[in-house]
Every structure is written in C-alpha cells, then in structure tokens.
2 protein chains.
Amino acid sequence: MLPESFVATNFDVAQLRTGCATCSLRELCLPVGLNDQEIEVLTEVTGHKRKVQRGGYLYRAGTKFQSLYAVKSGFLKTCILEEDGRQQVTGFHMTGELLGLDAISTELHTCDAIALEDSEVCEIPFAKLEKISSIIPSLMHHFHKIMSREIVRDHGVMLLLGGMKAEERLANFLLNMSRRLAIRGYSETNFNLRMTREEIGSYLGLKLETVSRAFSKLQEEAVISVKNKHIQIHDLQRLKEKMGNSSCTT
Amino acid sequence: MLPESFVATNFDVAQLRTGCATCSLRELCLPVGLNDQEIEVLTEVTGHKRKVQRGGYLYRAGTKFQSLYAVKSGFLKTCILEEDGRQQVTGFHMTGELLGLDAISTELHTCDAIALEDSEVCEIPFAKLEKISSIIPSLMHHFHKIMSREIVRDHGVMLLLGGMKAEERLANFLLNMSRRLAIRGYSETNFNLRMTREEIGSYLGLKLETVSRAFSKLQEEAVISVKNKHIQIHDLQRLKEKMGNSSCTT
DNA sequence: TCTTTTAGTTGATCTGGATCAAAACCTGAT
DNA sequence: ATCAGGTTTTGATCCAGATCAACTAAAAGA
C-alpha cells in the first residue's frame, strides 16, 4: 500500500514514460496527469501484452471476466451471437480503446471480441485497476469517464438504429471512422475498412446488400470513392450533411 | 478523511438504516454489505431529496453535470432531442435506478430526464460519491457494476433495434417492464404503463401506429389484454416465445 | 499458376412498417 | 356536464429496405 502523498496531483501527461509496461496506460487514454511515482504504481496494473491474430478471439461470451483490454494495435469487433446463429456487431475497436467494460456487471463476458486484423492488446487485470484507482483519484475519475463515454456512444448508436435511414447510417459510420482515424494521425479522407459489408450491416442494422447499395449511391453522387475496402472521402462536408443529426461518438 | 480500518468489510445489507438520508443508498441498489460506520460515511454522500412533478424536468441536455439521481419513487424517461425537433427516448427509469451516468464523460448532461409521473429522487453529488468510493472499495466496485450494467442494457436495446421486428420489440419491452415491476414487488402480469404509445415507439424505433397495431395483434392472439394504458399478460410463456432471442436487461 | 472460396455488386420482387387519414376515446378544464 | 385537447385505434396506401437471384471480383489454397 502507498503513502497518502500519492493521492491526486496533476502533472503533464507528456511525463508518461514510453516503456512497454506503461504502454497500456496511454491506451487507457489517460490524459489524466500523473507524476513519475504514480506511474510507478500504475505500472503494476499492466498485465501481459497479448497478440491476437486475424480472426482470433480475444475473449468469448460467457467466459469469466478478469481483465479489461486496451487495444495497442490492430482492429477488433465485439459481437453478440443470438440463439438462432445470427450475430450482431456491437462495436468496432481501434488503438487506444478499452474492451470488456460490459463484463464488469456480471463478471462474465457478454460478447465475443474478435480481431479483424492481427492485433495486440494490453491486459489490465480489473481487480488491480480498482485497487489502484482507490489510491489515485484522478485515475478512478478518468476510468469513470471512459465508462460513461461508452454509454454515450451506445446512445448514439441507439439513435442511429432507432431513427435513421440507410444512407444516413452509412454516412454516420464513415464519418465516425474518419474522425477516429484522424485522431490517431491517419488520413481522415483516405482509409481502408477492416470489416466486411456484412459486419458493417450488422452494426448498422442493415443487410449487406443495402450497405453495398448505399456505398454505390454515395459514390455516384461523388461524395466518396469506394474500391473494395478502400474508401476515399471527396466531400466531407456533404457527407456530414447526409448524416443529418445524431451525435456520433467514439 | 477516514481511518484505514474503514476499508472493505462485509456486513449484512439488512443493517442499512431506513432513515431518509440513507434512502438513496438502497436505491443505489447496494447489495454491497456495509457496516454502520461505513453507512455513516455514505450518508454524507446523499444530497437532498428532490420532487419532480409529472411532465417536469429532472435535468436538461446541455446543463452542467453535478449529481447522479437515484429514483426514490415515480417513473421517468430520458430522451435525446435531435436538431429537427423529433425526440428519441433512450430509457425508462423506475424506483431504484440511477440516472445521469452518461453525463460523467463530458460533465454535461447529454439528454433530458423527464418525469412521466410525480416522482421523487435522491441527489447524489458525484464528486462526493467518488471521494467516498476511494475509501470504500466495495462501494466503488458496486458503482462500476452499475455502470457496466447500463452498458449491457444498451447493448440489449441495440440488438432489439438492429434486428428485431415490431412484435418482437414490443414483447421484449413488455417482458422487460414485467420483470422490473416483479422485482419491485408488483404484479408481473398486471400493470399500468406510464408512457404513451408514441414514447414506446420512440424507444423501440417504431411509429406509434405500429406500436398500437402490435398491441392489438397480441390481444387478438389472447397473449395480453390492453385497455388503454393498462396491460394484463395472460400468457407469459407465449410472450417470451415471441421475444425470440435477445438479452433484455435492467 | 489455376482453382476454389469468399466477398461484393447489381437487378427484380416482395413486404413490414411508415405515412396519410379519419374516427373513437380519454382527460382535464371551464 | 360540456368542450377542447391530446391519445389511441383502425383502415388504406406507399415505399425503403429485405429477400431472392445472378453475376463479378478478389483472396486463399493447391
């Protein structure tokens, strides 16, 4: 256990060291502000790195929850599979995002996490995270923000699924990808999708044919170019207008 | 601040006192296990009770986030209103449920919370909750579970909105109400809805006419009786079969 | 390399739910 | 009680997206 002096001070995030043990911390996307000593403590929380190859499971629905996972590199989807075999994608996850939050409630994973390309994650044993959270209030607070952000994100999807039409949904989806890639330093107008039309459809509540048609329509209108999985956005503004409303987040 | 001895002990929840200051704690649905001293501490967290009359706002989208609210009695909805005026209901909330979790991320409320009948809530200043959480690990852990449960619930709705058809959605909705009422000691087959067809529709991603027709259909099939807002479920089993799949939670 | 498999596009048709419209019903206010 | 508002039901029509089907293109294996 730690002296009280550890609790709550604010330093610059740039002080985060770059070694591997702390890599997951940045992925935990901690613009929290911690000093070196605190980082020392946090380092404890970091479990092993784990590689998951394309098509592999990071975890499966129904298995015991032990850890959250911060995506270090790669791209994953989470999906729930229903009795009848059909599966619904609940999210796509890229570098820096945290997986497994849904499992805290029951201590069982409620969905499958599957890598859509070779990926690397940092395991964050949840019990450790909680222990350290109670020592470093800013970490705890930040963790609460992350969970809350997930709720807000889900509400955005609910809005999309509840009210929008196919083209709006796709515009939303593309702009969401674009923004998240931009944040990570990639082009916001030029990127490769990692998922199939079917997976996009599953996420957006559409059939793959409808997704395909919506792509084609946007291309005819010269808003985007689609070449298989490669997307080029020609007119971000117009794409945004197509999105209509809706607060698409994360 | 508190002596370390406070941290993590397990007592029986029956020890929770029944005074008003602690009322919100049970609403926070804390099957956590706390001793009297700990309850003393927790009492601190409880803010004022607040009454919201039918049609009134508990909070509005865009306003500053300060507190969570535990529903003490009554019934509320949360909804996001889009630019174009149309609003989407993101949830219905009854006794014991916690509102405002979405606001932690941005420190602004992302939706409106409106009472559908005269209601009473306990205000839980979030900063205080966090402070005490770091002293009482079991409280922190339970709070994490509550947030996680909200995420799971939202995934359930996404599943519903993404793939199910009108009748399945309504069956889901009714069974969800039924279960939540049963938990609170009310009849699971005989209850009054507090919301309009339009609000149900908004929540389920359907138009009010479709909701009405789905009600009528279930009634024709003698699965339920509908008399205005009063619902009687005649055949729970058959209703469950109609629901198909989907993990309807909370 | 060629072959098989999987993913994506595009067309034709069908249908569940949206939309439009009207009537019946409740609720609350005067 | 009566009236005005909102809510619900039900019918008729329409259309966005599902479904079915055929074909093309790109990976993955041999």
Side-chain angles (χ1 to χ4, degrees), chain A residues 53-56 77 84 86-89 114 116-118 160-174 192-221 224-232 242 244, chain B residues 53-55 77 84-89 114 116-118 160-174 192-221 224-232 242 244:
Chain A
Q53 67 182 179
R54 190 168 185 279
K77 68 171 176 180
D84 52 39
R86 203 58 254 118
Q87 69 171 27
Q88 167 135 350
V89 174
I114 299 172
L116 295 182
E117 61 179 33
D118 291 358
L160 180 145
L161 294 173
M164 299 178 29
K165 45 193 47 170
E167 213 185 320
E168 296 175 309
R169 295 186 197 198
L170 189 64
N172 234 300
F173 170 77
L174 288 173
N192 283 293
L193 297 173
R194 263 63 209 234
M195 69 296 278
T196 66
R197 301 289 188 261
E198 187 169 22
E199 286 162 335
I200 297 172
S202 172
Y203 182 61
L204 297 178
L206 300 170
K207 291 287 129 141
L208 67 99
E209 294 96 325
T210 308
V211 173
S212 179
R213 276 182 244 272
F215 269 126
S216 301
K217 179 125 183 291
L218 288 174
Q219 187 165 37
E220 276 163 35
E221 294 171 346
I224 63 173
S225 288
V226 187
K227 185 158 197 182
N228 204 21
K229 290 208 156 81
H230 182 262
I231 303 292
Q232 177 148 19
K242 287 193 174 289
Chain B
Q53 66 182 181
R54 192 169 184 278
K77 68 170 174 180
D84 52 38
R86 203 59 254 117
Q87 69 170 27
Q88 166 135 350
V89 173
I114 299 173
L116 294 182
E117 60 179 34
D118 292 356
L160 180 145
L161 294 172
M164 301 178 27
K165 44 192 49 168
E167 213 184 322
E168 295 175 311
R169 296 185 197 199
L170 190 64
N172 233 298
F173 170 77
L174 288 173
N192 283 293
L193 297 173
R194 264 62 208 236
M195 69 297 279
T196 66
R197 302 287 189 263
E198 187 169 22
E199 286 163 334
I200 297 172
S202 172
Y203 182 62
L204 298 179
L206 300 170
K207 291 288 129 142
L208 67 99
E209 295 95 325
T210 308
V211 173
S212 178
R213 275 183 244 272
F215 269 127
S216 300
K217 179 125 183 291
L218 288 175
Q219 188 166 36
E220 276 163 35
E221 295 172 345
I224 62 172
S225 288
V226 186
K227 186 158 197 180
N228 203 21
K229 291 208 153 82
H230 183 262
I231 304 292
Q232 177 147 20
K242 287 193 173 290

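The structure presented is a predicted model; accordingly, all values stated were derived computationally and were not measured. Per chain, numbering begins at 1; letters A, B, ... match sequence-line order.
- For Asn228(B), taking side-chain heavy atoms from C-beta onward, the closest of the listed nucleotides dA7(C), dT27(C), dT19(C) is dT27(C).
- By the 4.5 Å heavy-atom criterion applied to side chains, Glu199(B) and Lys77(B) are counted as neighbours.
- Taking only side-chain atoms of Ser216(B), from C-beta outward, the nucleotide of dT27(C), dG8(C), dT10(D) with the closest atom is dT10(D).
- Look at NZ on Lys227(B): it is 11 Å from P on dT27(C), rounded to the nearest Å.
- The side chain of Ala166(B) approaches dG17(C) more closely than any other nucleotide in the set dG17(C), dT9(D), dG17(D).
- You'll find that the side chain of Arg54(A) is closest to dA28(D), out of dA28(D), dT10(C), dT9(C).
- When rounded to the nearest whole Å, the span between NZ of Lys207(B) and C1' of dA18(C) equals 7 Å.
- Which of dT7(D), dT10(C), dT9(D) sits closest to the side chain of Arg197(B) comes down to dT9(D).
- Residue Phe215(B) contributes atom CZ, which lies 12 Å from atom C1' of dT9(D) at whole-angstrom precision.
- Among dT10(C), dA7(C), dT8(D), the nucleotide with an atom closest to any side-chain atom of Leu208(B) is dT8(D).
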Next item on the list: I would like to know whether Glu168(B) and Lys242(B) meet salt bridge (charged side-chain N to carboxylate O under 4.0 Å, His left out); could you show each step before the answer?
Entry: CA-CA 6 Å; Glu168(B) 295 175 311; Lys242(B) 287 193 173 290; over 6 Å; no
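- To the nearest angstrom, P of dT19(C) lies 12 Å from CG of Leu206(B).
- Using five terminal pairs a side, the axes of the helix from dT1(C)-dA30(D) to dC25(C)-dG6(D) at its two ends make an angle of 50°, given in steps of 10 degrees.
- Side-chain atoms of Ser216(A) come within 3.5 Å of backbone atoms of Ser212(A) as a donor-acceptor pair (strictly under, hydrogens ignored).
- Considering only the side chain of Ser212(A), dT9(C) comes nearest among dA21(C), dA18(D), dT9(C).
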